[in-house]
Number of protein chains: 2
Amino acid sequence: MADPGTRPDRPARERVMEAALDLFAAHGVTGTSLQMIADHMGVTKAAVYHQFHTKEDIVLAVIGPALETLTKVADAADRQRAHRRRLESALNGIVDLIIKNRRLTAIVQFDPMVAELVRAHPSRTSIERIRGMFTGADPDASALVSAAMVSGGLVMAGIDPALDGLSDEELRRHLFDTAWRLLKPRTASLSASGGRVAQPTGRV
Amino acid sequence: MADPGTRPDRPARERVMEAALDLFAAHGVTGTSLQMIADHMGVTKAAVYHQFHTKEDIVLAVIGPALETLTKVADAADRQRAHRRRLESALNGIVDLIIKNRRLTAIVQFDPMVAELVRAHPSRTSIERIRGMFTGADPDASALVSAAMVSGGLVMAGIDPALDGLSDEELRRHLFDTAWRLLKPRTASLSASGGRVAQPTGRV
DNA sequence: GTCTATATTTCGATAGAC
DNA sequence: GTCTATCGAAATATAGAC
């Protein structure tokens, strides 16, 4: 539509999203009011409403891109034929997504308002597809628990204050390694290599 | 004070706590109003206020016992002299706590209102003590990430709908095993036993 | 794009009758 | 123990001037 090079309609709309992200990370979504967002921007509520007509719209704008990435991650992984490659691809994608949304991930995971939005969002099934890749086909109880701990653990580690000192690259690598230790296909006794795992595919 | 055998003052107070637990698990703490609790019990708000004078009191009554258990877990683990035994004890205690509060754990972990309450609660330092046992002394980045993923993963797995089919005993065992795989002291190459880990101390 | 002003609803909380 | 009635504050949201 408009010339994308001349700052079409960015300023106010994006400032709302940035303020919302700050406050969502600090107080959760339900714990953040439009008044707080307006105050944080130094404007009034009405100015916020001019950009987004409902609070739901703001939330969707903030978390939408991450949800869409989830679907891309699931699709990319599905294109891998070997189980191991598919798992590697999905895990890499999830870790990358979490690293790039280090502040937001977990707050959003729990908020009842967000849960409702995700339920209605097209990306909803992607989460289940990725979980399926984590568990593998026909999983036993142990595989279910490992997948659950990895899914949850990655999300929680992404926002853990104890890991604030780690750089994105460092955290990314350790998250992948740790998750891989739990998820790697356990073909016979292959644990001769010790505890540490060789980094696979390479693309991170 | 009163005779503990003749149902002293239970009914209404406990009904409030049960209703609150149901709703906290479904909508989070901030997402649950006193009106919702009253409706869920089939009474009015005023009837709820007769039992608990503030919403904070209700939250504390619901999560307080779990917080106090955290301190007991940390104390019991600290009584173990060997690093390995201390870790086993702490992990057993945490897994047990999560199993026994399967519905509540994670919702409570994030809610901004709960976070404020925990900050002021005497059990606050216990969480850090247990985390310290998970990381071990003078931890490197890998140990920090493992501990973070275990702490978070246990909490998330406890409420994961994908694990609803598992019995408490089954889930308890797999949670411990999976966490142990990430936390067990890595002395030289000790991984000859494969992936599976023998259940330690016994007391669960 | 931002403002003032206001409508409407719901929140937590209190008073007092039964 | 539960009720009706109500308070003040804060929530989402809208109308209309600048």
Side-chain angles (χ1 to χ4, degrees), chain A residues 1-3 6-24 26-63 107 111-117 120, chain B residues 1-3 6-24 26-64 107-108 111-117 120:
Chain A
M1 286 267 184
D3 183 349
T6 53
R7 204 159 34 100
D9 57 342
R10 274 219 211 136
R13 200 178 161 87
E14 293 208 350
R15 275 177 59 219
V16 172
M17 289 170 58
E18 281 167 28
L21 179 56
D22 284 348
L23 294 165
F24 288 169
H27 310 106
V29 175
T30 306
T32 300
S33 70
L34 296 181
Q35 185 67 66
M36 290 164 73
I37 295 176
D39 290 347
H40 196 261
M41 297 172 63
V43 298
T44 63
K45 271 190 300 179
V48 176
Y49 270 105
H50 187 261
Q51 302 298 332
F52 297 92
H53 286 182
T54 70
K55 186 181 179 181
E56 207 176 282
D57 289 343
I58 301 178
V59 177
L60 249 174
V62 172
I63 72 172
I107 293 87
D111 195 280
M113 183 176 177
V114 177
E116 206 61 38
L117 281 178
Chain B
M1 286 267 181
D3 182 348
T6 52
R7 201 157 38 97
D9 58 341
R10 280 221 206 134
R13 200 177 163 88
E14 294 208 348
R15 274 177 62 218
V16 172
M17 290 171 59
E18 281 168 28
L21 179 56
D22 283 349
L23 293 166
F24 289 168
H27 310 106
V29 174
T30 306
T32 300
S33 69
L34 296 179
Q35 185 66 69
M36 289 164 73
I37 295 175
D39 289 348
H40 195 262
M41 297 172 62
V43 298
T44 65
K45 270 194 299 181
V48 175
Y49 270 104
H50 186 261
Q51 303 298 331
F52 296 93
H53 286 184
T54 71
K55 185 181 180 180
E56 208 176 279
D57 289 342
I58 301 179
V59 177
L60 250 174
V62 172
I63 72 171
I107 292 86
V108 141
D111 194 279
M113 182 175 177
V114 176
E116 206 62 39
L117 280 179

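Here the structure is a predicted model, which is why all the values come from computation and not from measurement. Convention: sequence-line order gives letters A, B, ...; per-chain numbering from 1. Any value given below was found using the heavy atoms of this structure, including those in side chains, with hydrogens, waters and symmetry copies removed.
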| said: At less than 4.0 Å, is any side-chain N or O atom of A:Arg13 found next to OP1 or OP2 of C:dT2? Yes or no. | reply: no
| task | Provide, to the nearest angstrom, the distance between the CE atom belonging to B:Met36 and the C1' atom belonging to C:dG12. | result | 14 Å
| said: Whole angstroms only, please: what is the CE-P distance between B:Met41 and D:dT2? | reply: 6 Å
| field | B:Ile58 side chain reached by B:Val48 side chain, heavy atoms, under 4.5 Å | value | yes
| said: How many whole angstroms separate atom CD of B:Gln35 from atom P of D:dA11? | reply: 19 Å
| request: Please state how far atom CZ in A:Phe52 lies from atom P in C:dT2, giving the value in whole angstrom units. | output: 12 Å
| remark: With the side chain defined as heavy atoms from C-beta on, A:Gln51 is closest, among C:dA15, C:dA13, C:dT2, to C:dT2
| message | Below the 4.0 Å mark, does C:dT10 have OP1 or OP2 next to a side-chain nitrogen or oxygen of B:Ser33? | response | no
| request: May I have the distance from A:His50 (atom NE2) to D:dG16 (atom C1'), rounded to whole angstrom? | output: 12 Å
| said: To the closest 0.5 Å, what do you measure between CG (B:Leu21) and CD1 (B:Ile63)? | reply: 11.5 Å
| request: Return the value, rounded to whole Å, for the distance between atom CD of B:Glu56 and atom P of C:dC11. | output: 18 Å
| query | DNA chain D: A:Lys45 or B:Thr44, which has the more 5' nearest nucleotide? | reply | B:Thr44
| Nearest-neighbour nucleotide for the B:Thr54 side chain, D:dA13, C:dT4, C:dA13 considered | C:dA13
| Of all the nucleotides listed (C:dG1, D:dA13, C:dA13), which has the minimum atom distance to the side chain of B:Lys55? | C:dA13
| field | Nearest-nucleotide comparison on DNA chain C, the residue closer to the 5′ end among B:Tyr49 and A:Val43 | value | A:Val43
| said: side chain to side chain contact (heavy atoms under 4.5 Å, CB included), that's the test. Do B:Arg15 and B:Gln51 meet it? Break it down for me. | reply: CA-CA 10 Å; B:Arg15 274 177 62 218; B:Gln51 303 298 331; over 6 Å; no
| What's the CG-P distance between B:Asp57 and C:dG12, to the nearest Å? | 13 Å
| Hey, is CD on B:Glu56 packed in by over 12 heavy atoms from elsewhere, all under 6.0 Å? | no
| query | Residues in side chain to side chain donor-acceptor pair (under 3.5 Å) with A:Glu18, at least two apart? | reply | none
| query | In whole Å, what is the span from the CD1 atom of B:Ile37 to the P atom of D:dG1? | reply | 17 Å
| With a 4.0 Å cut-off on heavy atoms, is B:Thr30 in touch with a base, just the backbone sugar-phosphate, or nothing at all? | nothing
